[in-house]
*Asks:* 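Just dropping this structure here.
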Amino acid sequence: MKEMRTTYDPREFEDKVYAGWMESGAFSAKIDPDKVPFTVMMPPPNVTGQLHIGHAMDETMQDIVVRFKRMQGYSVLWQPGVDHASLATEHKIVEKLREEGTTKEELGREEFLKRAWAWKEQYGGRIVGQLKKLGSSCDWSRLAFTMDEKCSRAVREAFFRLYEAGLIYRGSRIINWCPDCKTALSDEEVSWSEDAGHFWYFNYPVEGSEEVITIATTRPETMLGDTAVAVNPKDKRYAALVGKTLILPLVGRRIPVVADDYVDPAFGTGAVKITPAHDPNDFEVGLRHKLPMIRILNDDGTVNKEGGEYEGLDRYEARKRIVEDMDALGLLVKVEDHTHNVGHCHRCNATLEPLVSKQWFVSMQTLAKPAIDAVVKNKTKFTPDRFAKIYYNWLENIRDWCISRQLWWGHRIPVWYCEKCGAEIVTPKDDPTVCPHCGCTHLSRDEDCLDTWFSSALWPFSTLGWPEETPEFKYFYPTDVLVTGYDIIPFWVMRMMVSGLRYTKKVPFRDVLIHGLVRDEKGRKMSKSLGNGIDPLEVIEQYGADSLRLALISGVAPGNDTRMSAAKFEAARNFLNKIWNASRFVLMNVKEEEVPADLSAIKLQPSDRWIISRLMTTVREVTLALQKYDLGIAADKVMSFAWDDFCDWYIELSKPALYGTDGERKRQTLGVLLFVLKNTLKLLHPFAPFITEEIWGYLPGAEGMIITAEFPRYNSRLAYREEAKAFEGVIELIKAVRAIKVATACPPAKKVHVYLVAEPAQLVSAKRLVGVNKQSILRLAGASEIEFAESGAAAGDKAVSQVSTIAHIFVPLGELVNLEEERARLQKELERAEGEIARAGGKLANQNFVTKAPKKLVDDERAKLEKFLDMKKKLEAQIASL
RNA sequence: GGAAGUUUAGCUCAGCCGGGAGAGCACCUGCCUUACAAGCAGGGGGUCAUAGGUUCGAUCCCUAUAACUUCCACCA
């Protein structure tokens with residue numbers, strides 16, 4: 001047998017262990033009619049992205065669930081994949097081109113796409129390697145890409161179906177435009193921030209009079225596109241002006257004064273300039289009053305030919321010039337500081353321009369209804385369920401989804417236009433060559449791409465081959481659980497639900513497990529600009545992947561944000577070191593011994609039954625917690641069992657047997673140690689897969705790999721309830737003696753003689769329990785001898801005592817005892833007992849409690865009262881004897 | 001303006017069905033006890049944000065208040 005290294009060093013084996021899993025085929029999903037499928041779709045990270053701590057948490061949670069289910073015997077498919085991330089990726093490539101001194105327009109579409117694919121090839125594998133470092137047990141042979149053939153086919157089909165149903169339309173709307181990325185963005189892609197700006201007050205002269213109307217604006221340059229000024233119909237100040245015509249300064253355009261409820265008379269001057277082409281509200285006003293829409297900006301944010309003399313200026317330059325010019329004309333009334341919410345591009349952070357533009361939209365309202373119903377009817381459940389409310393909130397207030405992007409990297413919109421008759425042609429599969437309306441062969445394809453999320457929305461079934469009814473689709477769909485952060489609900493969860501129900505008539509997943517954000521130790525979001533990001537790969541390098549995983553889930557409640565710091569990684573690493581050494585200890589003692597293979601061949605001692613009982617309780621708790629996706633609680637239960645019960649108690653208790661002369665007893669104890677260790681490792685495996693697999697390889701009689709071993713099952717025959725409870729008395733006894741020694745400043749190395757005085761009724765069982773465990777008790781309590789006596793007098797005058805469940809403990813400490821301190825200590829004990837008596841007595845004196853509370857509780861209180869009354873009596877006697 | 005969340009030990013956070021408040025870290029006291037000092041043993045520390053209510057009984061349920069966080073809306 002190989003020897004384990006003396007220290008836990010994850011770098012030593014993690015890569016090797018992962019390679020072993022890959023080789024074994026343990027990750028590969030199989031269609032097995034005899035098994036129940038369990039499917040998880042990995043949220044596809046950006047293909048050229050890098051693993052960050054948020055991914056690490058998301059992946060860890062999925063891997064825990066997947067490994068648990070795999071060990072439970074399900075036929076597991078964890079489908080991995082990567083996303084083309086249209087805007088993010090294109091943005092990076094454009095950046096690179098800029099560094100090279102060129103642009104995508106100069107390159108042209110074809111050449112640009114070549115560069116993009118090359119970029120994807122260069123960085124596409126990076127994230128996959130990083131996921132492997134983390135231990136992700138997904139089926140890599142099925143690695144999907146949102147732009148691969150399968151997914152593209154699904155995108156095409158989905159678009160076709162929606163188009164045919166009239167749910168995709170093309171129209172002019174105000175959209176969020178990023179002048180840097182030169183594309184439209186969906187509402188969800190806008191990030192808002194409070195920016196310091198100004199409020200400029202301008203006078204617009206009334207035609208044919210000396211009168212003026214004062215408006216206020218935060219974006220003076222948009223006045224170039226003004227086609228009206230609006231006031232509230234109830235506003236008496238302006239009533240006379242409604243219907244009059246204004247002369248738009250600098251431009252000279254004649255524009256009307258209109259009355260519209262949209263205007264708040266109390267805000268600003270109560271008169272609003274209306275720029276229908278550059279503001280969503282103004283757009284609505286424009287529609288209501290049939291105002292012209294004049295777009296004044298080019299795609300790059302410069303003023304277009306509508307701007308007259310301002311043409312070609314950047315929007316901010318134009319703003320400056322216009323304010324100066326208005327001032328020169330005496331039409332600038334005043335300037336105020338003003339902070340307001342401004343939309344920014346979530347990719348490049350440029351200030352967005354709302355502008356009117358022709359885009360493709362999906363009408364969401366009819367699609368949203370089934371998605372709401374499915375959650376109402378519990379076909380899909382959110383964990384924690386409060387996120388269902390967030391989900392409803394979104395879907396109930398949904399607006400149409402702008403799906404076209406002025407990008408090249410992505411799924412090109414599958415719409416062709418006939419150059420002759422102008423017909424729109426959409427086909428489900430093959431590209432059209434002839435116009436079905438006029439027979440013309442001059443067709444041109446729409447230049448734009450689809451929003452990345454359009455393909456992501458199909459992920460749960462496009463990866464399984466939909467629209468084909470593949471065996472995979474039939475077996476693995478619908479999927480079981482989707483794990484993602486709450487920030488992705490509107491982008492992704494919602495849209496998958498909508499598309500899943502629309503195309504497959506089924507919910508795409510039965511459970512949605514939502515987690516929070518990983519923050520830094522001060523609770524701040526991690527960001528590049530703050531430089532407070534934690535690189536998961538560095539953590540893996542320093543502490544190992546298992547430590548990272550444990551740190552990410554322990555002590556975290558579902559859906560809550562969590563703070564990460566080196567302290568947490570260290571704590572996790574320390575725990576794993578404990579496991580490593582405990583295993584090493586067991587193995588060191590096994591050596592050449594013939595250890596019984598299973599429990600039935602072992603004559604179990606009280607301590608054996610106690611640890612097995614604790615193991616069973618833990619198995620039940622962990623299984624339950626995992627089924628409820630309470631991963632933090634599950635990890636906590638395994639860890640405290642492993643450390644507190646197994647390491648600190650059972651291993652210590654077992655030492656006398658291991659170091660003793662009774663070979664049979666030694667082998668039997670080793671049998672129990674191995675049994676408990678194996679089960680502990682299995683319980684721990686979903687959380688810390690590497691170390692458990694590595695140790696598994698050293699264990700005698702451990703067959704195969706732990707990754708495919710069966711997850712421990714609760715066995716009621718091994719629960720040993722009564723015996724375990726009785727054994728707790730031994731633990732209490734040991735603790736009591738230890739406490740006495742510390743409290744009396746007895747040197748740890750000095751062994752004490754312990755006398756026990758038991759109640760006659762308990763004497764026999766107490767003697768048996770103490771007798772069987774005598775050597776362990778002596779060792780753990782630091783005692784030289786332990787014996788039963790008639791009374792405390794046996795311990796002599798200067799004895800210290802403690803009341804415990806099994807017996808009243810007396811320890812003679814001779815000259816070491818400081819009588820004053822001992823009296824104070826006992827007095828404190830007495831006060832505690834009296835407090836308990838008062839509490840229990842008070843409760844029992846309450847007639848309402850006695851009659852209305854459950855009988856068991858009342859009985860328990862009575863028992864407690866008696867116990868403490870007895871304790872009080874003994875303590876008083878002890879104090880009196882000092 | 002709408003919605004959700006949080007408030008528990010010095011810090012970070014757990015706490016399932018209402019029935020004596022928990023962990024890790026930090027702190028204090030001892031220990032290099034032949035698996036582990038990344039460790040062992042013992043210990044101190046909490047009006048469970050505030051005020052009401054329901055209940056025999058509330059950290060937990062209800063109402064209100066306060067503080068903080070996040071998402072949505074986006075008055076030019």
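Just so it is clear: chains get the letters A, B, ... in the order the sequence lines come, proteins before strands, and each one is counted from 1. Everything quoted here is computed from the prediction, not taken from an experiment.
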*Asks:* Between B:rG1 and B:rC60, how far apart are the two C1' atoms, rounded to whole Å?
*Replies:*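 Between the two C1' atoms, the distance is 32 Å.
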*Asks:* With side chain to side chain contact (heavy atoms under 4.5 Å, CB included) as the test, would you mind laying out the steps for A:Val257 and A:Tyr238 before giving the verdict?
*Replies:* CA-CA 9 Å; A:Val257 177; A:Tyr238 298 114; 5.9 Å; no
*Asks:* Go ahead and name the base partner of B:rU34; Watson-Crick or wobble counts if both distances stay under 3.5 Å, otherwise write none.
*Replies:*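 Base partner found: none.
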*Asks:* Between B:rU12, B:rA76, B:rC56, which nucleotide gets closest to the side-chain atoms of A:Lys568?
*Replies:*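 Looking only at side-chain atoms, A:Lys568 lies closest to B:rU12.
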*Asks:* Distance check, P atoms only: B:rA67 and B:rC28, in whole angstrom units.
*Replies:*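 About 38 Å, rounded to a whole number of Å.
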*Asks:* Under 4.0 Å, counting only non-hydrogen atoms across every strand here, what does A:Phe283 touch: a base, just sugar-phosphate, or nothing?
*Replies:*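 The residue A:Phe283 makes no contact with any strand.
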*Asks:* Using a heavy-atom cut-off of under 4.0 Å over every strand shown, decide if A:Phe387 touches base, sugar-phosphate, or nothing.
*Replies:*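 Nothing: the residue A:Phe387, judged by heavy atoms under 4.0 Å, touches no strand.
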*Asks:* Flag the pair A:Lys522 and A:Asp520 as a salt bridge only when some basic side-chain nitrogen lies within less than 4.0 angstrom of an acidic carboxylate oxygen.
*Replies:*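 Judged by the 4.0 Å cut-off on N to carboxylate O distance, A:Lys522 and A:Asp520 do not form a salt bridge.
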*Asks:* Provide the distance between the two P atoms, one in B:rA37 and one in B:rC32, to the nearest whole Å.
*Replies:*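 Approximately 14 Å lies between the P atom of B:rA37 and that of B:rC32.
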*Asks:* Does the structure show a Watson-Crick or G-U wobble partner for B:rA41, both distances under 3.5 Å? Name it, or say none.
*Replies:*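 Partner of B:rA41: B:rU29.
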*Asks:* Just N and O in the side chain of A:Arg399: are any of them under 4.0 Å from OP1 or OP2 of B:rC74?
*Replies:*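 The answer is yes; a side-chain N or O of A:Arg399 sits under 4.0 Å from OP1 or OP2.
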*Asks:* Looking at residues 852-860 of chain A, who's got a heavy atom less than 4.0 Å off RNA chain B?
*Replies:*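 Listed by number, they are A:Lys852, A:Ala853, A:Pro854, A:Leu857.
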*Asks:* What is the base-pairing partner of B:rA9, counting Watson-Crick and G-U wobble geometry with both distances under 3.5 Å?
*Replies:*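 By the stated definition (distances under 3.5 Å), nothing pairs with B:rA9.
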*Asks:* By nearest heavy atom, map A:Ser554 and A:Ala571 onto RNA chain B; which one lands nearer the 5' end?
*Replies:*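 Whichever sits nearer the 5' end wins; that is A:Ser554.
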*Asks:* On RNA chain B, does the nearest nucleotide to A:Asp282 precede the nearest nucleotide to A:Glu836 from the 5' side, or the other way round? Give the residue.
*Replies:*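 By nearest-heavy-atom nucleotide position, the 5'-most residue is A:Glu836.
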*Asks:* Considering only atom P, compute the distance from B:rU7 to B:rC61 and round it to an integer number of Å.
*Replies:*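 Going atom to atom, P in each nucleotide, I get 11 Å.
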*Asks:* Does B:rG1 have a Watson-Crick or wobble mate here (both distances under 3.5 Å), and if so which one?
*Replies:*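 Check on B:rG1: paired to B:rC72, both distances under 3.5 Å.
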*Asks:* Could you tell me whether B:rC40 is syn or anti, where syn means a glycosidic angle within 90 degrees of zero?
*Replies:*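 Base orientation: anti.
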*Asks:* Which nucleotide, in any strand shown, forms a Watson-Crick or G-U wobble pair with B:rA14, with both distances under 3.5 Å?
*Replies:*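 Check on B:rA14: unpaired, no WC or wobble geometry under 3.5 Å.
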*Asks:* Which base sits across from B:rU47 as a Watson-Crick or G-U pair, both distances under 3.5 Å?
*Replies:*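 Result: none.
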*Asks:* Using a 6.0 Å cut-off, check whether atom CD of A:Glu396 has over 12 heavy atoms from anything other than its own residue.
*Replies:*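 Correct, the count exceeds 12.
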*Asks:* Which one is paired to B:rG57, where only Watson-Crick or G-U wobble pairs with both distances under 3.5 angstrom count?
*Replies:*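 No nucleotide pairs with B:rG57.
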*Asks:* Starting from C1' on B:rA76, measure out to CD on A:Glu221 and report it in whole angstrom.
*Replies:*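 It is 13 Å, rounded to the nearest whole Å.
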*Asks:* Tell me whether A:Glu732 is salt-bridged to A:Lys735, with the criterion being a basic N under 4.0 Å from an acidic carboxylate O.
*Replies:*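 Looking at A:Lys735 together with A:Glu732, the answer is no, because their closest N to O distance does not fall below 4.0 Å.
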*Asks:* Regarding A:Arg573 and the six-membered ring of A:Tyr543, is the cationic atom NZ or CZ under 6.0 Å from the ring centre and inside 45° of its axis?
*Replies:*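 Geometry flag: not set, cation outside 6.0 Å or 45°.
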*Asks:* Say we look at B:rA26 and B:rA38: how far apart would their P atoms be, to the nearest angstrom?
*Replies:*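 Pairwise P distance, B:rA26 against B:rA38, rounds to 12 Å.
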*Asks:* Within the structure shown, what part of the strands sits under 4.0 Å from A:Asn341 by heavy-atom distance: base, sugar-phosphate, or nothing?
*Replies:*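 Here A:Asn341 touches the bases of the nucleic acid.
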*Asks:* Quickly work out the A:Tyr486 OH to B:rC71 P distance and round it to whole Å.
*Replies:*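 Going from OH in A:Tyr486 over to P in B:rC71 covers 7 Å.
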*Asks:* Across the strands shown, which category fits A:Arg524 at heavy-atom distances under 4.0 angstrom: base, sugar-phosphate, nothing?
*Replies:*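 It contacts nothing in the nucleic acid.
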*Asks:* Reckon A:Trp580 touches a base, only the sugar-phosphate, or nothing at all at heavy-atom distances under 4.0 Å?
*Replies:*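 The answer is nothing, as A:Trp580 stays clear of every strand by at least 4.0 Å.
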*Asks:* In whole angstroms, how far is the C1' atom of B:rU70 from the CD1 atom of A:Ile488?
*Replies:*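 For the pair A:Ile488 CD1 and B:rU70 C1', the rounded distance is 14 Å.
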*Asks:* How close do A:Pro558 and A:Pro384 get, counting heavy atoms only, and between which atoms?
*Replies:*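 Scanning both residues, the minimum pair turns out to be O-CG, 3.2 Å.
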*Asks:* Expressed in whole Å, how much space separates the P atoms belonging to B:rU47 and B:rU8?
*Replies:*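 It works out to 12 Å between them.
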*Asks:* From B:rA76, B:rC16, B:rC71, pick the nucleotide closest to the side chain of A:Asp264?
*Replies:*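 Selected nucleotide: B:rA76.
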*Asks:* Relative to the ring of A:Tyr391, is the ring of A:Phe382 parallel (under 30°), tilted (30 to 60°) or perpendicular (over 60°)?
*Replies:*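 Answer is tilted, since the angle falls between 30° and 60°.
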*Asks:* In terms of relative ring orientation, are A:Tyr8 and A:Trp580 parallel, tilted or perpendicular, with 30° and 60° separating the classes?
*Replies:*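 Rings of A:Tyr8 and A:Trp580: tilted, 30 to 60°.
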*Asks:* Distance check needed: B:rC74 C1' versus A:Phe267 CZ, whole Å only.
*Replies:*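 Going from CZ in A:Phe267 over to C1' in B:rC74 covers 11 Å.
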*Asks:* Quick one: do A:Glu541 and A:Arg11 make a salt bridge, cutoff under 4.0 Å?
*Replies:*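 The answer is yes: the pair qualifies as a salt bridge.
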*Asks:* Could you tell me whether A:Asp630 contacts a base, only the sugar-phosphate backbone, or nothing, with contacts defined as non-hydrogen atoms closer than 4.0 Å?
*Replies:*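 Result for A:Asp630 = nothing.
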*Asks:* Under the ring pair (Phe, Tyr, Trp, His ring centres under 6.0 Å) criterion, do A:Phe199 and A:Tyr201 qualify, and how do the steps go?
*Replies:* CA-CA 6 Å; A:Phe199 231 163; A:Tyr201 289 76; 5.7 Å; yes
*Asks:* Taking the side chain of A:Ala557 as its heavy atoms from C-beta onward, which of B:rA14, B:rA73, B:rC16 lies nearest to it?
*Replies:*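 From the listed options, B:rA14 comes nearest.
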*Asks:* Are A:Arg563 and B:rU12 close enough that a side-chain N or O sits under 4.0 Å from OP1 or OP2?
*Replies:*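 Indeed, a polar side-chain atom of A:Arg563 lies that close.
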*Asks:* Determine the interatomic distance between C1' on B:rU59 and the same-named atom on B:rG22; round to the nearest Å.
*Replies:*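 Taking atom C1' in both B:rU59 and B:rG22, they lie 12 Å apart.
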*Asks:* Can you identify which nucleotide, out of B:rG19, B:rC16, B:rA76, has its nearest atom closest to the A:His338 side chain?
*Replies:*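 So the nucleotide nearest the side chain must be B:rA76.
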*Asks:* Would a 4.5 Å heavy-atom cut-off, applied to side chains only, mark A:Phe267 and A:Val272 as touching?
*Replies:*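 The answer is no, as the side chains (C-beta and beyond) never meet within the 4.5 Å cut-off.
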*Asks:* Summarise how protein sits on nucleotides 34-44 of chain B as a single string, 5' to 3': B when a protein heavy atom is under 4.0 Å from the base, S for sugar-phosphate-only contact, - for no contact.
*Replies:* -BB-BSSSS--
*Asks:* Quantified in whole Å, what is the P atom distance between nucleotide B:rA9 and nucleotide B:rG42?
*Replies:*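 Nearest-Å result for B:rA9 against B:rG42 at atom P: 24 Å.
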*Asks:* Taking C-beta and beyond as the side chain, do A:Phe202 and A:Val323 meet within less than 4.5 Å on heavy atoms?
*Replies:*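 Heavy-atom side-chain distance check passes, below 4.5 Å.
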*Asks:* Would you say the side-chain atoms of A:Arg219 pair up with the backbone N or O of A:His278, donor to acceptor, closer than 3.5 Å?
*Replies:*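 Confirmed, A:Arg219 side chain pairs with A:His278 backbone.
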*Asks:* Would you indicate what A:Lys864 reaches in the nucleic acid, counting non-hydrogen atoms under 4.0 angstrom: base, sugar-phosphate, or nothing?
*Replies:*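 If one applies the 4.0 Å heavy-atom cut-off, A:Lys864 turns out to touch a base.
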